[in-house]
Amino acid sequence: AHGAACALAGLSHPAVAVRRASLKALPKADILAARSIIENLVLDPVKDLRRAAGDALLTVRHEGLTPLLEQLLARPDLDDAERKWVYFALGRLGGQKPAAILLKEFAASREQDVRCSCALALGTCGDPSARPALQAVAGKFFGPKELKEACREALQRLQSRGEPAKGAGR
């Protein structure tokens with residue numbers, strides 16, 4: 001219990017290294033109790049603090065993480081690695097709102113790497129609203145092979161996530 005109290009106190013410490021260590025030391029059971037502090041760290045100017053805070057909230061599938069991730073995507077200083085992590089995190093959170101954000105990014109980008117990352121995250125997300133956009137790209141005769149493969153894999157993920165739900169009602 002004392003360790004958890006120290007980790008909680010450390011989340012507000014002025015030193016980046018202390019905040020980072022506190023995030024990693026915070027027990028999963030205490031993450032929701034500290035969510036308001038951790039939510040602020042998701043938008044911190046320091047990239048690795050943002051990631052550590054996002055990972056902490058992702059472990060408890062905190063739904064308040066979705067709008068924060070959407071805000072991160074709007075940052076002009078977001079690098080490719082962090083952008084891909086945001087897509088991954090949205091996919092892991094799952095649901096309609098993360099899927100809508102991913103679909104918007106998928107449609108807006110002309111970069112194949114970004115579109116592949118979005119497609120795979122959409123498959124993980126499990127929202128069937130992604131199916132038409134993924135099918136349209138996967139079914140194109142011409143187009144980047146990697147992107148078509150990512151869309152096909154995403155469609156397989158969607159199908160495998162949907163099968164247990166169909167059988168559960170019978």
Side-chain angles (χ1 to χ4, degrees), residues 11 16-17 19-26 28 31-32 35 37-140 142-162:
L11 292 175
V16 170
R19 291 194 313 258
R20 184 184 312 114
S22 296
L23 277 167
K24 293 180 183 200
L26 193 65
K28 188 175 178 179
I31 290 172
L32 286 177
R35 72 181 172 269
I37 297 168
I38 299 172
E39 286 171 350
N40 288 332
L41 293 175
V42 171
L43 301 175
D44 196 90
V46 179
K47 175 184 170 179
D48 63 331
L49 271 180
R50 292 192 300 259
R51 172 77 183 262
D55 283 339
L57 292 174
L58 192 57
T59 63
V60 294
R61 290 245 187 337
H62 177 49
E63 64 185 37
L65 183 56
T66 300
L68 299 172
L69 294 174
E70 188 172 25
Q71 288 179 49
L72 277 181
L73 287 173
R75 288 181 71 119
D77 63 337
L78 201 67
D79 66 26
D80 288 345
E82 191 171 12
R83 184 171 295 281
K84 287 180 183 180
W85 175 83
V86 170
Y87 296 151
F88 164 81
L90 287 166
R92 287 284 313 274
L93 286 169
Q96 289 181 334
K97 180 63 176 165
I101 295 166
L102 288 165
L103 278 168
K104 179 179 162 192
E105 291 282 313
F106 180 77
S109 181
R110 295 293 148 238
E111 295 178 41
Q112 179 179 322
D113 197 32
V114 169
R115 296 188 82 204
C116 287
S117 295
C118 284
L120 293 172
L122 281 163
T124 302
C125 199
D127 190 83
S129 68
R131 193 175 307 280
L134 295 169
Q135 287 172 329
V137 175
K140 282 187 176 179
F142 294 106
K145 182 180 178 184
E146 283 182 38
L147 180 57
K148 292 194 301 187
E149 287 175 0
C151 289
R152 287 185 192 117
E153 184 177 331
L155 287 165
Q156 288 175 342
R157 289 179 185 181
L158 282 173
Q159 183 177 354
S160 67
R161 285 186 64 142

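Side-chain contact between Leu43 and Leu72 is present, with heavy atoms from C-beta onward closer than 4.5 Å.
For Ile38 against Leu57, the heavy-atom pair with the smallest separation is CG2-CG, 3.5 Å. Nearest heavy atom pair, residue Leu93 against residue Pro98, reads CB-CG, 4.3 Å. For the pair Ala154 and Ala119, the tightest heavy-atom approach, listed with the atom from each and the gap, is CB-O, 3.0 Å. Nearest heavy atom pair, residue Ala130 against residue Leu158, reads CB-CD1, 4.4 Å. Shown here for Ala56 and Ile31, the closest heavy-atom pair between the two residues is O-CD1, 3.4 Å. Taking every heavy atom of both residues into account, Leu41 and Leu11 meet most closely at CD1-O, 4.0 Å.
Atom CH2 of residue Trp85 and atom CG of residue Leu69 lie 5.0 Å apart, to the nearest 0.5 angstrom. Interatomic distance, Arg35 CZ to His62 NE2, rounded to the nearest 0.5 Å: 6.0 Å. Going from atom CD of Glu153 over to atom SG of Cys151 covers 10.5 Å, rounded to the nearest 0.5 Å. The distance from atom CD of Glu111 to atom CD of Glu105, rounded to the nearest 0.5 Å, is 10.5 Å. Note: Ile37 CD1 to Leu23 CG = 10.0 Å, rounded to the nearest 0.5 Å. To the nearest 0.5 Å, atoms NZ (Lys148) and CZ (Arg115) are separated by 12.5 Å.
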What do the steps show when you test Val86 against Ile101 for side chain to side chain contact (heavy atoms under 4.5 Å, CB included), and what is the final call? CA-CA 11 Å; Val86 170; Ile101 295 166; over 6 Å; no
Can you check side chain to side chain contact (heavy atoms under 4.5 Å, CB included) on Leu90 and Leu73, steps first, answer last? CA-CA 11 Å; Leu90 287 166; Leu73 287 173; 4.1 Å; yes
Take Val114 and Tyr87, measure what side chain to side chain contact (heavy atoms under 4.5 Å, CB included) needs, and give me the verdict at the end. CA-CA 9 Å; Val114 169; Tyr87 296 151; 3.4 Å; yes
Just do the side chain to side chain contact (heavy atoms under 4.5 Å, CB included) check on Phe106 and Leu147 with the steps written out, would you? CA-CA 11 Å; Phe106 180 77; Leu147 180 57; 4.2 Å; yes
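Of the possible polar contacts, one joining the Arg50 side chain to the Asp44 backbone as a donor-acceptor pair under 3.5 Å is found. For Arg92 (side chain) and Cys125 (main-chain N/O), no donor-acceptor pair under 3.5 Å exists by modelled atom type. Between the side chain of Lys84 and the main chain of Ser117, no donor-acceptor pair closer than 3.5 Å is present.
A donor atom on one side chain and an acceptor atom on the other are found under 3.5 Å apart for Thr124 and Arg157.
The pair Glu82-Arg75 does not meet the salt-bridge criterion, since no charged nitrogen lies less than 4.0 angstrom from a carboxylate oxygen.
Residue Lys97 qualifies as open at atom NZ: its count of foreign heavy atoms under 6.0 Å is 12 or below. Environment of CD in Gln96: sparse, with no more than 12 heavy atoms of neighbouring residues, nucleotides or ligands closer than 6.0 Å. By the neighbour-count criterion of 12 heavy atoms within 6.0 Å, atom CD of Gln71 is densely surrounded, having more than that number from other residues, nucleotides or ligands.
Every side-chain contact (heavy atoms from CB on, under 4.5 Å) that Glu149 has, sequence neighbours left out, goes to Lys145, Arg152.
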